[in-house]
Amino acid sequence: MYERLHAHFGARDWWPGDSPFEIMVGAILTQNTNWKNVERAIDNLKRVGLLSLSAMSELSQDLLAEYIRPAGYYNIKAGRLRNFFHFINKEWDGDLDSFLQQPAAALREQLLSIKGIGPETADSMVLYAAGQPIFVVDAYTHRILIRHEIIDESFGYHEIQELFMDNLEEDTLLFNEYHALIVQVGKVYCKKSKPDCSHCPLAGLNGVERQQ
DNA sequence: CACCAGGCAAGTA
DNA sequence: TACTTGCATGGT
């Protein structure tokens, strides 16, 4: 699966961001949201020089919500961002780098304890901000594996994650590329209601031919 | 016009 | 435990 995807799409420059902090903010903003809208929100913050932990920590929730408005769910996400800032400031004295240098398991556990950060957001942060090898599972991953009859609907987030991590080298770059490629093939060929399996590089995988 | 996008939390059965 | 709903904008 990885080889087919990589041959078809090539390397992805995935999860752009100039800093771990920017990547983590993006990870919260992109929840159920198109990345282009997240970029508008992040650009708003950059334009006024507020894209830092110290600066954003000072903003009121309402003002923060205004800046991130284009990302949608702005009131909810402003609260979630503030929960995240509060944790780093309170538990790590605002030292994000030290926080990210912990082992992946400890990092993940603490991220999940923050209200507003679920499994996918936490794992995205561990992989793309901390650079540690953990596999990110998303809705596309779930849908693609079901359509190719590799799993059934009973598989949850953790089971899918184990499926990949038990069968792959623990390699940050591989996990980074793989997740990016899954999102790409999902966006282009494996949409919810308009799958285009005829040109999909995964057609015929696992012996399942050109299903609709 | 309808549907969806790089989810999560809270509420309900 | 397992669904369902609210959150909300911008693109296709």
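In what follows, every chain begins at residue 1, and chains take the letters A, B, ... in the order their sequences are listed. Heavy atoms only: backbone and side chains are in, while hydrogens, waters and symmetry mates are out.
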Inset, instruction - Please report, rounded to the nearest Å, how far the P atom of B:dA9 is from the CG atom of A:L81. - result: 13 Å
Inset, instruction - Identify which nucleotide among B:dC4, C:dC7, C:dG10 has an atom closest to any side-chain atom of A:Y73, counting heavy atoms from C-beta outward. - result: C:dC7
Inset, instruction - May I ask you to check whether A:S154 and A:D152 show a side-chain donor-acceptor distance below 3.5 Å? - result: yes
Inset, instruction - Specify the separation, in whole Å, of atom CG of A:D138 and atom C1' of B:dA5. - result: 11 Å
Inset, instruction - Could you please name the option among C:dA8, B:dC4, B:dA10 that lies closest to any side-chain atom of A:Y74? - result: C:dA8
Legend entry - Nearest listed nucleotide, side chain of A:Y140, among C:dC7, C:dG10, B:dA5: B:dA5
Legend entry - Rounded interatomic separation in angstrom, taking CG from A:N75 and P from B:dC8: 19 Å
Inset, instruction - Assess the side chains of A:R47 and A:N44: does a donor N or O sit below 3.5 Å from an acceptor N or O? - result: yes
Inset, instruction - Let me know the distance between CD1 of A:I114 and P of B:dC8, rounded to the nearest Å. - result: 13 Å
Inset, instruction - Rounded off to whole Å, could you give me the NZ-to-P distance for the A:K36 and B:dC4 pair? - result: 19 Å
Legend entry - Under-4.0 Å side-chain N/O to phosphate OP1/OP2 contact, A:K187 with B:dC4: no
Legend entry - A:R143 side-chain proximity, nearest of B:dG7, B:dA5, C:dA8: B:dA5
Inset, instruction - Answer with yes or no whether the side chains of A:E91 and A:Q110 bring together a donor and an acceptor at under 3.5 Å. - result: no
Inset, instruction - Using a heavy-atom cut-off of under 4.0 Å over every strand shown, decide if A:I28 touches base, sugar-phosphate, or nothing. - result: nothing
Inset, instruction - Tell me which of A:N34 and A:A122 sits closer to the 5' end of DNA chain B, going by the nucleotide each one is nearest to. - result: A:N34
Using a 3.5 Å cut-off and no angle test, enumerate the donor-acceptor pairs between side-chain atoms of residues 172-180 of chain A and protein atoms at least two apart in sequence or in another chain.
| from | atom 1 | to | atom 2 | distance (Å) |
| --- | --- | --- | --- | --- |
| A:T172 | OG1 | A:G131 | O | 3.1 |
| A:E177 | OE1 | A:R12 | N | 3.2 |
| A:H179 | ND1 | A:V136 | O | 3.2 |

Inset, instruction - Check every strand shown and say whether A:R69 touches a base, only sugar-phosphate, or nothing at a heavy-atom separation below 4.0 Å. - result: sugar-phosphate
Inset, instruction - Please measure how far the C1' atom in B:dC1 lies from the corresponding atom in C:dC7, and state the result in whole Å. - result: 22 Å
Inset, instruction - Would you tell me if any nitrogen or oxygen in the side chain of A:T121 comes within less than 4.0 Å of OP1 or OP2 on B:dC8? - result: yes
Inset, instruction - Between B:dG7, C:dC7, C:dG10, spot the one nearest the side chain of A:Q31, thanks. - result: B:dG7
Inset, instruction - Report yes if the side chains of A:L100 and A:M24 come closer than 4.5 Å at any heavy-atom pair, otherwise no. - result: yes
Legend entry - 5' priority, DNA chain C, between A:K191 and A:R80 [closest heavy atom]: A:R80
Legend entry - A:E39/A:K36 ion pair, N-O < 4.0 Å: no
Legend entry - Separation of atom CG in A:N37 from atom C1' in B:dC4, rounded to whole Å: 11 Å
Legend entry - Among C:dG10, B:dA5, B:dA10, the nucleotide that comes nearest once only the side chain of A:R40 is considered: C:dG10
Inset, instruction - Remember a base hit wins even if backbone is also touched, and classify A:K77 as base, sugar-phosphate or nothing at under 4.0 Å, heavy atoms. - result: nothing
Legend entry - Separation of the P atoms in B:dA10 and C:dA8, to the nearest angstrom: 14 Å
Inset, instruction - Calculate the interatomic distance between A:I76 atom CD1 and B:dA9 atom C1'; express it in whole Å. - result: 8 Å
Inset, instruction - Calculate the interatomic distance between A:E39 atom CD and C:dG11 atom C1'; express it in whole Å. - result: 14 Å
